[in-house]
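The block underneath contains the structure these notes are about, expressed in structure tokens.
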2 protein chains.
Amino acid sequence: MDSTENGTEQGFSLLLDDQLCFALYAASRAVTNRYRPLLEALGLTYPQYLVMLVLWEHDTVPIKDIGAALQLDYGTLTPLIKRLESAGLVRRERRPDDERTVLVTLTGQGQELRERARTVPTDIGDAMGLSPAQFDQARRLLRLVTANVSASG
Amino acid sequence: MDSTENGTEQGFSLLLDDQLCFALYAASRAVTNRYRPLLEALGLTYPQYLVMLVLWEHDTVPIKDIGAALQLDYGTLTPLIKRLESAGLVRRERRPDDERTVLVTLTGQGQELRERARTVPTDIGDAMGLSPAQFDQARRLLRLVTANVSASG
DNA sequence: CGCAATTAGCTTGCACACAATGTAATCGCA
DNA sequence: TGCGATTACATTGTGTGCAAGCTAATTGCG
């Protein structure tokens with residue numbers, strides 16, 4: 001029950017509260033939940049919103065590149081993008097000079113949605129309640145963790 | 001390009017790389033993926049591992065309390081715990097003095113698994129590659145974000 | 001005491017995530 | 001040029017997450 005005997009040197013115990021991994025997992029879900037009502041008003045889920053972020057930057061992107069940007073595989077992206085297509089936000093078409101590639105392109109509706117989404121990052125950023133310095137530090141640490149655990153299988 | 005304020009002061013743009021939320025989401029999945037092979041050797045998924053962490057601390061816990069600890073609802077926990085039961089790691093039984101409550105209890109196998117799981121936090125902790133100070137700071141910032149976005153509406 | 005409200009849990013439906021497998025198009029090299 | 005490897009994507013199956021609706025047990029209030 002006390003923290004005097006706290007594992008080796010860095011809190012590597014089996015206590016739930018010691019786990020950075022759990023803090024990460026819980027924070028990620030809490031933030032996604034915070035997004036939910038805002039994105040629901042736009043007709044998007046959170047992963048769909050991330051795909052739209054990529055498209056709002058580039059307009060036409062192969063599925064492969066979307067997967068590289070978001071670190072998601074085809075099993076996730078294929079049905080997700082088909083739902084975006086059903087919603088009229090994107091168009092899917094094979095690249096003429098390489099029929100293996102599927103290009104995803106914003107429709108007019110997809111472009112218009114960008115305007116309605118402009119305030120979303122600010123709303124969430126405010127809700128996180130971090131100072132600019134904390135915001136940058138958190139982002140830096142998370143990128144470091146991602147890079148480290150992704151390296152060397 | 002845009003006459004409206006772009007929120008450059010804290011990265012509140014629509015650029016994917018600016019989003020703390022994406023860094024969080026990507027880091028969480030990357031860490032979970034790093035756990036996968038380690039936990040597979042124990043016959044656990046990552047959320048199942050979290051439930052076991054709670055049980056390794058308390059031995060017998062109502063489902064409600066597991067949900068409170070992990071911030072997961074019954075829709076997630078009911079089938080998950082039934083799978084743990086099928087694997088022989090836990091037992092489920094109604095509390096005699098309040099038949100609404102389901103108590104989850106470790107079996108012998110479930111207790112033995114704790115020994116085999118002892119090295120998991122260390123392995124993951126090492127893979128994250130953070131200094132003790134960074135580890136604590138990351139955990140602190142993540143808890144702050146979780147608390148802030150969970151508060152109010 | 002009687003009954004409405006609350007509580008704990010279950011079930012269904014939808015949308016991710018990811019592993020494993022399949023397929024068509026393209027590439028590369030003898 | 002022929003053909004085996006590679007690439008880009010789709011499909012299937014399993015396991016979460018979460019909302020919404022449901023049941024049964026308990027509580028609380030007149």
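Naming: A, B, ... by sequence-line order, numbering from 1 per chain. We use all heavy atoms of the structure for the numbers below, so side chains are in, but hydrogens, waters and symmetry mates are not. Bear in mind that the values here come from a model prediction, so they are computed numbers and not experimental data.
Annotation: proximity of residues 79-91 of chain B to DNA chain C (heavy atom, distance under 4.0 Å) is found for B:Lys82, numbered in ascending order. Contacts between residues 40-58 of chain A and DNA chain C, defined by a heavy-atom separation under 4.0 Å, are made by A:Thr45, A:Pro47, A:Gln48.
The two residues A:Pro121 and A:Ala117 make their nearest non-hydrogen contact at CD-O, 3.4 Å. Minimum interatomic distance between A:Gln71 and A:Ala68 (heavy atoms only, all atoms of both residues): NE2-O, 3.0 Å. The shortest non-hydrogen separation linking A:Gln134 to A:Leu130 is OE1-CA, 3.6 Å.
Across the interface with DNA chain D, nearest-nucleotide mapping of A:Tyr25 and A:Leu103 shows A:Leu103 to be the residue nearer the 5′ end. If A:Thr32 and A:Pro62 are placed on DNA chain D by their nearest nucleotide, the residue sitting closer to the 5' end is A:Pro62.
The side-chain tip of B:Arg139 does not point at the ring of B:Phe135 from less than 6.0 angstrom away and within 45° of straight on.
Listed pair B:Arg92 / C:dC10 meets the phosphate criterion, a side-chain N or O lying under 4.0 Å from OP1 or OP2.
Partner B:Val31 forms a side-chain contact (heavy atoms from CB on, under 4.5 Å) with one of A:Thr146, A:Asn148, A:Leu20, A:Val145 and no other, that one being A:Val145.
The CG atom of B:Leu89 sits 4.5 Å away from the CE atom of B:Met52 when rounded to the nearest 0.5 Å. B:Thr105 contributes atom OG1, which lies 5.0 Å from atom CZ of B:Arg91 (distance to the nearest 0.5 angstrom). Put simply, CG on B:Asp73 and CD1 on B:Ile63 are 11.5 Å apart, with the number rounded to the nearest 0.5 Å. For the atom pair CG of B:Leu24 and CE of A:Met128, the computed distance is 7.0 Å after rounding to the nearest 0.5 Å.
Separating the CG atom of A:Asn33 from the P atom of C:dC16 is a distance of 14 Å, rounded to the nearest angstrom. Taking atom CZ of B:Arg29 as the reference point, atom P of C:dC16 lies 12 Å away to the nearest angstrom. Rounded to whole Å, the distance from CG on A:Leu77 to C1' on C:dA15 is 13 Å.
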Pairs: protein N or O with nucleotides 22-27 of chain C N or O, under 3.5 Å:
unit_1	atom_1	unit_2	atom_2	d
C:dT26	OP1	A:Glu99	N	3.1

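Residue-environment remark: CD (A:Glu115) exceeds the threshold of 12 foreign heavy atoms within 6.0 Å.
Here A:Tyr49 pairs with A:Tyr35 under the ring pair (Phe, Tyr, Trp, His ring centres under 6.0 Å) rule; sequence neighbours left out.
For residues 53-112 of chain A, no pair satisfies ring pair (Phe, Tyr, Trp, His ring centres under 6.0 Å), with sequence neighbours left out.
Nucleic acid contact for A:Thr76: base, since at least one base atom lies under 4.0 Å from a heavy atom of the residue.
In this structure, A:Lys82 does not pair ionically with A:Glu85, as no charged nitrogen and carboxylate oxygen lie closer than 4.0 Å.
Once you apply a 4.0 Å limit to the heavy atoms of chain B, the touched nucleotides of DNA chain D run 5' to 3' over D:dG15 to D:dT26.
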